[in-house]
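In what follows, chains are A, B, ... by sequence order, proteins preceding strands, each numbered from 1.
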2 protein chains.
Amino acid sequence: MRADARRNHERILAAARELFAGDPPDVQMDEVARRAGVGVGTVYRHFPDKEALMGELVRERFELFNVRLRAALGDAGAEPGDALADALRENALGLAEDAATRFAFMSGGERVFAHAAAESEEFMRLAEALVRRARRAGQLAPGFRAEDIPMMMCGVCSTMGRSGPGWNWRRHLELAVRGMRG
Amino acid sequence: MRADARRNHERILAAARELFAGDPPDVQMDEVARRAGVGVGTVYRHFPDKEALMGELVRERFELFNVRLRAALGDAGAEPGDALADALRENALGLAEDAATRFAFMSGGERVFAHAAAESEEFMRLAEALVRRARRAGQLAPGFRAEDIPMMMCGVCSTMGRSGPGWNWRRHLELAVRGMRG
DNA sequence: ACCTGAACACCGTTCAAGT
DNA sequence: ACCTGAACACCGTTCAAGT
């Protein structure tokens, strides 16, 4: 990839992140191009369509999730149940601060997740290892599975950035964590 | 309201429900009009815009939710904690079978909920009464509040109709219910 | 190789004309 | 009062021309 192309690629992603963090449903491709300082055609050269742009945000977020899970796995000091719960809390916080990616997660279709397939599979492997450890230590509810984690994180994500009396994603997360632990 | 106008109103809503249950993001207003057997202008005469159409779906769903909560309140036989949990299960099932309204819930903005304000306030009153009873019976987790219910239902809703390994809204719901109960 | 932006297609919304 | 649907505006996407 030519140097200018690589720079454009990054600029387009940065522009998308900034704009989607603002008023996500109203983001236009022309606007992304303008903010990135390129023509619309260039946006489409790098990302086949709008969904692909969102897919890349999701893929990068999974990479960040995985960094946290790996750190939790490497941390031999903490109680396994706490290590898992804290990793989920940190990941939730990261997502709460990234409205652009939340939008991609919630409104993106299959293709968005297909683009992050490798990273989400790695996520599941790491989550399974953490769950196994916590289970052995007797710190999880009997029927809980690693596969429940994406659902619960998706649920907590769906309450982020929404307003309403009593709406607080941290409370929601703790409710879910209580369901996960014994 | 004239008889033909009332009939059109119902037809438009029915058409919207059917179409939004199919491929929600692709539903067009022209298509709603065609299926309802009216002109597009008539759709707009009855509903100021697309969001208003979704708002009405949400409002009617809250009415159904409230029917269940009232029934649970009236049922003196069951344990209060079970009465609450079962009402939530029934409401979740209703929503799971109604993809059109799920779309309205998840992708609708503030206006969608503003349109259902009266019904959602009634929902909170009923939920608070059920929670109070279950709390007195010692059947809820210490910090749980009625205000947590919309968050948890929103979370479970966000996993409905999505596919993925292990994705099952009933499991997600039971996880949340375990967090709610002691 | 890669970039540009005018042009096209599609769909939400309006409004002049009709009953 | 209410209905109709052609017309308009907006925005995702393409592609011929450029470097």
Side-chain angles (χ1 to χ4, degrees), chain A residues 1-58 100 103-104 106-112 114-115, chain B residues 1-58 100 103-104 106-112 114-115:
Chain A
M1 203 181 222
R2 239 164 57 179
D4 58 340
R6 185 183 311 278
R7 204 180 52 239
N8 281 340
H9 193 89
E10 290 312 316
R11 281 183 169 192
I12 290 163
L13 269 174
R17 250 189 288 267
E18 290 166 32
L19 291 169
F20 277 118
D23 196 3
D26 289 358
V27 173
Q28 300 166 217
M29 294 301 265
D30 280 325
E31 205 180 354
V32 171
R34 188 152 19 88
R35 179 176 276 247
V38 301
V40 231
T42 303
V43 173
Y44 280 90
R45 158 168 276 267
H46 288 271
F47 301 93
D49 56 27
K50 208 174 183 180
E51 219 173 18
L53 206 44
M54 304 200 298
E56 180 60 11
L57 297 186
V58 166
F103 179 75
M106 302 310 293
S107 83
E110 301 275 316
R111 290 200 39 247
V112 164
H115 186 250
Chain B
M1 203 180 223
R2 239 163 57 179
D4 58 341
R6 184 183 311 277
R7 202 180 54 239
N8 282 340
H9 192 88
E10 290 312 316
R11 280 182 168 192
I12 290 163
L13 268 174
R17 249 189 287 267
E18 291 166 30
L19 292 170
F20 277 118
D23 196 2
D26 288 359
V27 173
Q28 299 166 217
M29 294 300 265
D30 280 325
E31 205 180 352
V32 171
R34 189 151 20 89
R35 179 175 275 249
V38 301
V40 231
T42 303
V43 174
Y44 280 91
R45 158 167 275 269
H46 287 270
F47 301 94
D49 56 27
K50 208 173 182 179
E51 220 173 17
L53 205 44
M54 305 199 298
E56 180 60 11
L57 297 186
V58 167
F103 178 75
M106 301 310 293
S107 82
E110 302 274 316
R111 291 200 38 247
V112 164
H115 185 251

Response to the item:
When B:Val38 and B:Arg2 are each assigned the nearest nucleotide of DNA chain D, the 5'-most assignment goes to B:Arg2
Worksheet item: Who is the Watson-Crick or G-U wobble partner of D:dT14, with both distances under 3.5 Å?
Response: C:dA6
Worksheet, complete the sentence: With a 4.0 Å cut-off (strictly under) to non-hydrogen atoms of chain B, the first and last hit nts on DNA chain C, 5' to 3', are C:dC11 to C:dC15
Worksheet entry | Complement of C:dA1, any strand, by Watson-Crick or G-U distances under 3.5 angstrom | D:dT19
Worksheet item: Reckon B:Val27 touches a base, only the sugar-phosphate, or nothing at all at heavy-atom distances under 4.0 Å?
Response: sugar-phosphate
Discussion item. Set out, in order, the CA-CA distance, both residues' side-chain angles and the distance that settles side chain to side chain contact (heavy atoms under 4.5 Å, CB included) for A:Phe47 and A:Leu13, then state yes or no.
Written reply: CA-CA 10 Å; A:Phe47 301 93; A:Leu13 269 174; 3.8 Å; yes
Practice prompt. Select from A:Gly39 and B:Asp26 the residue whose nearest nucleotide in DNA chain C is closer to the 5' end of that strand.
Written response: A:Gly39
Item to complete: Identify the heavy atoms of A:Gly108 and A:Glu51 that sit nearest to each other, and give their distance.
Response: C-OE2, 4.1 Å
Discussion item. Taking any heavy-atom pair under 4.0 Å as a contact, classify B:His46: base, sugar-phosphate, or nothing.
Written reply: sugar-phosphate
Worksheet item: Checking side-chain hydrogen bond (donor to acceptor under 3.5 Å, both in side chains) against B:His46, which of B:His9, B:Glu10, B:Arg6 comes through?
Response: B:His9
Worksheet entry | Any side-chain heavy-atom pair of A:Asp49 and A:Arg111 under 4.5 Å | yes
Practice prompt. Over all heavy atoms of both residues, which pair between A:Ala100 and A:Phe20 is shortest? Give the atoms and the distance, please.
Written response: CB-CB, 3.5 Å
Worksheet item: Could you go step by step and tell me if A:Met29 and A:Leu53 meet the side chain to side chain contact (heavy atoms under 4.5 Å, CB included) rule?
Response: CA-CA 10 Å; A:Met29 294 301 265; A:Leu53 206 44; 4.2 Å; yes
